[in-house]
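Written out below as structure tokens is the structure these notes cover.
Worth saying up front: this structure is predicted, and the values here are computed from it rather than measured. Indexing begins at 1, ligand by ligand and atom by atom, following the structure's order. Computed from heavy atoms alone, side chains included, the values below leave out hydrogens, waters and symmetry copies.
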Amino acid sequence: MTESNFFSKSYSKEIPDGKITWQSPSNIALVKYWGKKKNQIPENPSISFTLDACRTTTTLEFNRLSSPGNDFSFEIYLDDEIKEDFKPKIKTFFQRIEAYLPFLKDYHFTIRTSNSFPHSSGIASSASGMSALALCLMSIEKELINSDVALSAVERSMDENYFNQKASFLSRLGSGSACRSIEGDLIVWGKHDKIIGSSDLFGVKFPDKVHDDFKNFHDTILLVDKGEKQVSSTVGHNLMYGHPYADDRFKQANDNLAKLSEILQNGDLKGFIEIVESEALTLHAMMMTSLPYFILMKPNTLEIINKIWAFRKETGLNVCFTLDAGANVHVLYPDKESDTIYEFIKSELVAYCQNGHYICDRIGFGAKRLM
Ligand code: DP6
């Protein structure tokens, strides 16, 4: 597959207007994407659990313009409030995907979006938000192609696999990690020798049989710091240019993905914990050793990590943590041990959350079209 597979034919049928709604989840990386090349190509492959409860719902209304404009015509609302400050990011997204969706300048778009998690929770909405928007746009493309009588019956039908691949491909151009939010429950993004079908261009389902212990995994997200991100992902990825450890880090991520691929199949929970925690700490180590340097953990992040380690030593239960590029902690644990671990979280960890806030999430199975 190359980029050229995702170019569209021109559409002969004009759809005057319509409305589409998709709900798309967030995801949490186990092997982290940190560092990218031109055109949103990752420096290393990553793998994530698709989440379930943390979602964005986006409704896209489209109205055909009487004459196509020179620029994109759209407005965006978050929870019914117009968001001028979201426009530059969406405009950049439209510019990047225009070559693949030639109808973009033919319509005025009204984008209405809302998140299941609070806006100021420190949880990034770019993965769920960009994937929800990409899916809405794909549904328009599908309608345009389906109703195009100039195309043959085969050309008119767009199969689900192609739809999902192109939705992931477009999402990636909005935000890299968003390409891992289309499907579930484990998604690989980035070419890796050991992962059949893997690609730098879009996310694919982890192709091998996953051990039962890794099904229905839980992710309780402890909201340690609900402020705006201290380092935007664009700035963060740029820190890897000229980073003294960059090459070794990219190699390590490749090796970790190879090991994790085995572990996911053989059910080695201890091996899982080692890789996932090491990946989280390495991500933060990269930020601490770049120029400029950042410390994104807060004192309570460390308190939580130490409590998890002490609890694990004491009980032998398979609870571990991962981190995003921020202070919040994702506590990961298998379903079969969830009762005891959840009690531990409530009694020992929630005290370190800002205003006691946390989100109970678990592995999910991807985006859904609602309308
Ligand atoms: C630390 O996907 O937000 O969450 O491509 O610039 O939008 P952009 O970056 P983004 O980076 C996510 C980084 C991460 C790790 C991960 O999700 O793999």
Under 3.5 Å side-chain donor-acceptor pair for Ser4 and Thr2: yes
Quick one: do [X] and [Y] make a salt bridge, cutoff under 4.0 Å?
X	Y	answer
Asp335	Arg362	yes
Lys37	Asp200	no
Arg112	Glu61	yes
Lys251	Asp247	no
Lys36	Glu43	no

Can you list the atoms of ligand 1 that are under 4.0 Å from a heavy atom of Ala29?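 Listed by number with element: 16 (C), 17 (O), 18 (O).
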Using a 4.0 Å cut-off to any heavy atom of Ser233, which atoms of ligand 1 qualify?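 This gives 3 (O), 6 (O), 7 (O), 8 (P), 9 (O), 10 (P), 11 (O) as the contact atoms.
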If you measure every N or O of Lys36 against every N or O of ligand 1, does any of those distances drop under 3.5 Å?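 Yes.
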Gly176 to ligand 1: N or O pair under 3.5 Å? yes
Can you tell which of Trp34, Tyr33, Trp189 gets a heavy atom nearest to atom 18 (O) of ligand 1?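 Answer by nearest heavy atom: Tyr33.
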Check each of His284, Met287, Arg180 against atom 16 (C) of ligand 1 and report the one with the nearest heavy atom.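 Shortest heavy-atom distance from atom 16 (C) of ligand 1: Arg180.
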Identify, for [atom], the protein heavy atom at the shortest distance, and state residue, atom and that distance.
atom	value
atom 7 (O) of ligand 1	Ser175 OG, 2.6 Å
atom 4 (O) of ligand 1	Asp324 OD1, 3.5 Å
atom 2 (O) of ligand 1	Ser177 OG, 2.6 Å
atom 11 (O) of ligand 1	His237 NE2, 3.0 Å

So Phe109 and Tyr107, would you call those rings parallel, tilted or perpendicular, with 30° and 60° as cut-offs?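 Tilted: the ring planes of Phe109 and Tyr107 meet at 30° to 60°.
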